[in-house]
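Everything on this sheet refers to the single structure shown next.
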Amino acid sequence: MSEPNLLDVQGLRVSFAGKEVVRGIDFSVARGEKLALVGESGSGKTVTALSLLGLVSGADTSGQAVFRGVQDKVQSAATTDLLALSERDLRAVRGRDIAMIFQEPMTALNPLFSVGNQIAEVLQLKEGLSPAEAHQAAVALLAETGIPEAERRSHSFPHQLSGGQRQRAMIAMALACQPRLLLADEPTTALDVSLRAQILDLLSALQKKNGMAVLLITHDLNLVRRFADRIAVMENGFIVEQGPVAEVFAKPQHPYTRKLMDSRPVRDVTEAFSSVPSTAVMQSRNLRVSYPVPIAGFRGWFKKGEFVAVKSASFTLAKGRTLGVIGESGSGKSTLALAVLGLHPSQGELQLAGKNWGHDAANNKAIRRAVQVVFQDPFSSLSPRMTIEEVVGEGLRVHQPELSLAQRCQRVVKALADVGMAETQFPRLLQRYPHEFSGGQRQRVAIARALMVEPDM
């Protein structure tokens, strides 16, 4: 007789204000299994995972999610329906029996506490460790996920870490109590290629060691092929196909699955301005960016130390060209971008469209119009108090105030349609707020906002 599944989901439905986004899906996760839930942005993947832990705000949820891994007082596995649990009972399950790696770590981590304290808090509450033991275990977890100088970094706040380091801290927190089931929502999005492989190997090792099962939510088919045992494909709230990874990749049955398999990006770069030298949009020479850091002991009373994040960076970006800046997490890529945007002080030479950042407001405003940015974490970069129309159209209000309200609205609608977000697909699109969209859809909004003023770079 085969062992029962760790999780059996039957007839799961999730709706917001009467509109269903998850439409009666069935799937199971066996003990120690790695199931990948894939599909395009807005298909219902993240809502499915969040609903299992009661983390979907304002949603009506129905169906069954039978979990056979809750630990009771005598440490025996109990069977329970997650969707029928009270909030109090769910709090006991979260973090210990079922943990989650959220898609956007900057908004999931508490900005008022260091990452070490946040991991230690989980260990104190769920495992009963003393503060000293919890801190030591938190440092070990950070080191295990590949963060250098784990002891020092444990005292850092989320905003002091790079995107990849924040993601690793989130992974360390999720794995702190060795859960039976890990819900991983795009766990390697912010990680470099070498670290991505390291994290996948770590999750696989812990899965074998502790018998942990993983529900992986991702759009990365290469990651699915390498990591998962089975795959479930979602489209518009339905699971349209599921089965062993090798089988589905070799012979996809549903048209949507075949469409996903065929949608892998292909390099298509045309040579621009090959015969005539291009005008430089950006020039940098010996650019240096540093952060103040405290000095331990008596000397720290009188002066600060210095951490140099970018050292002597020199490069040129010509009009019509693309420059790729690559490197491991924490190597200084995002810090370099912040310096280019004038959002962090720097030393050295830096010219954008022939101008330098300075104290002249009119000069800086012209540079802001010429240089736009798509941030790494879209949710934290979009104001939660502004509608989508206000978010996307903000640049026009600042840089093209002569446009009428109707003209601005028309431009906003077109920009959103260009990134695949039309009013026909999203009713009341312009009046919605960022939290009403999926992570991928928020990223599209961020791209539309950046391109709205037609920047040079």
Whether T335 side chain and A309 backbone form a donor-acceptor pair below 3.5 Å: no

Starting at CD1 of I25, measure out to CZ of R23 and round the result to the nearest 0.5 Å. 12.0 Å

Closest contact, heavy atoms only, A339 versus V289: CB-CG2, 3.7 Å

With heavy-atom distances below 4.5 Å as the criterion, would you say the side chains of V248 and M261 are in contact? yes

So does G420 get a backbone contact from the side chain of R444, meaning a donor-acceptor N/O pair under 3.5 Å? yes

For F113, does the CZ atom have more than 12 heavy-atom neighbours from other residues, nucleotides or ligands under 6.0 Å away? no

Evaluate the side chain to side chain contact (heavy atoms under 4.5 Å, CB included) criterion for residues R369 and V398: first the C-alpha distance (whole Å), next the side-chain angles of each, then the deciding distance (0.1 Å), finally the verdict. CA-CA 9 Å; R369 155 67 179 76; V398 174; over 6 Å; no

Are more than 12 heavy atoms, taken from residues, nucleotides or ligands other than R258, located less than 6.0 Å from that residue's CZ atom? yes

Out of curiosity, D97 CG to L53 CG, how far, rounded to the nearest 0.5 Å? 10.0 Å

Donor-acceptor pair, distance only, cut-off 3.5 Å: does the side chain of Q118 make one with the backbone of F157? no

Test side-chain hydrogen bond (donor to acceptor under 3.5 Å, both in side chains) on S380 and T107; report intermediate values, then the result. CA-CA 6 Å; S380 62; T107 52; over 6 Å; no

I need the minimum non-hydrogen distance between L112 and N110, along with the two atoms involved. N-OD1, 2.9 Å

Distance-only, no hydrogens or angles: does the T48 side chain make a donor-acceptor pair with backbone N or O of G44 under 3.5 Å? yes

Look up atom CD in E349 and atom CG in L287, then write down how far apart they are to the nearest 0.5 Å. 10.0 Å

Hey, is the main chain of E40 close enough, under 3.5 Å, to the side chain of K45 for a donor-acceptor pair? yes

For the pair E306 and V308, evaluate side chain to side chain contact (heavy atoms under 4.5 Å, CB included) and give the outcome as yes or no after the intermediate values. CA-CA 6 Å; E306 184 182 54; V308 182; 3.9 Å; yes

Specify the closest pair of heavy atoms between L109 and P158, including all atoms of both residues, with the distance to one decimal. CB-CG, 3.8 Å

Can you check ring-ring contact (aromatic ring centres under 6.0 Å, His included) on H435 and F379, steps first, answer last? CA-CA 8 Å; H435 73 271; F379 195 35; 7.7 Å; no

Does any non-hydrogen side-chain atom of F426 lie less than 4.5 Å from one of R432? yes

So CD1 of I367 and CH2 of W357: to nearest 0.5 Å the spacing works out to 4.5 Å

Counting only N and O atoms by type, is there a donor-acceptor contact under 3.5 Å from the side chain of T387 to the main-chain atoms of E390? yes

Side chains of H399 and R368: does their closest heavy-atom pair fall under 4.5 Å? yes

Would you give the length of the straight line joining atom CD of Q64 to atom CG of D26, rounded to the nearest 0.5 angstrom? 10.5 Å

Do E402 and R408 meet the salt-bridge criterion of a basic N to acidic O distance under 4.0 Å? no

Decide side chain to side chain contact (heavy atoms under 4.5 Å, CB included) for Q372 and L451; before the verdict, give the C-alpha distance in whole Å, the side-chain angles of both, and the deciding distance to 0.1 Å. CA-CA 7 Å; Q372 289 290 303; L451 299 179; over 6 Å; no

Smallest separation among heavy atoms of A174 and I101, with atom names: CB-CG1, 3.7 Å

After noting the C-alpha distance and the side-chain angles of L7 and L82, does the key distance pass the side chain to side chain contact (heavy atoms under 4.5 Å, CB included) rule? CA-CA 10 Å; L7 175 69; L82 296 173; 4.2 Å; yes

Side-chain (E247) to main-chain (P244) donor-acceptor, under 3.5 angstrom: no

Pairwise side-chain contact, C409 with L430, heavy-atom cut-off 4.5 Å (strictly under): yes

For the student: nearest non-hydrogen atoms of T322 and L317, plus distance: C-CD1, 4.2 Å

Atom pair CD1 (I98) and CZ (F67), whose distance is rounded to the nearest 0.5 Å: 4.0 Å

Under a plain distance cut-off of 3.5 Å, with no hydrogens placed, do R153 and Q160 share a side-chain donor-acceptor pair? no

So do the side chains of Y433 and I388 get within less than 4.5 Å of each other, counting heavy atoms only? no

Relative to F437, does R442 satisfy both conditions: NZ or CZ under 6.0 angstrom from the six-membered ring centre, and within 45 degrees of the ring's axis? no

Under a 4.0 Å threshold between the charged nitrogen and the carboxylate oxygen, would E87 count as salt-bridged to R94? yes

Around Q410, counting heavy atoms of other residues, nucleotides and ligands shown, do more than 12 lie under 6.0 Å from its CD? no

Heavy-atom side-chain contact between R288 and S290 under 4.5 Å: yes

Is the side chain of D185 donor-acceptor paired with the backbone N or O of F102 at a distance under 3.5 Å, no angle test? no

What I'd like to find out is whether the side chain of M457 reaches to under 4.5 Å of the side chain of V340, using heavy atoms alone. yes

Return yes if some donor-acceptor pair links the side-chain N/O of R449 with the main-chain N/O of V391 below 3.5 Å, else return no. no

Sub-3.5 Å donor-acceptor pair from the side chain of D456 to the main-chain atoms of V281, do we have one? no

Tabulate below the donor-acceptor pairs under 3.5 Å that side-chain atoms of residues 215-239 make, not counting sequence neighbours, or state none.
unit_1, atom_1, unit_2, atom_2, d
T218, OG1, E186, OE1, 3.4
T218, OG1, D220, N, 3.0
H219, ND1, E186, OE1, 3.3
H219, ND1, E186, OE2, 2.9
D220, OD1, N222, N, 3.1
D220, OD1, L223, N, 3.2
R226, NH2, D201, OD1, 3.1
D229, OD2, K34, N, 2.9
R230, NE, E33, OE2, 2.5
R230, NH2, S28, O, 2.5
R230, NH2, E33, OE1, 3.4

For the residue pair A138 and A120, what are the closest heavy atoms and their distance? CB-N, 4.1 Å

Can S51 and T61 be counted as having a side-chain donor-acceptor contact under 3.5 angstrom? no

V14 side chain near L12 side chain, heavy-atom distance below 4.5 Å: yes

Does atom CD of E121 have more than 12 heavy-atom neighbours from other groups under 6.0 Å away? no

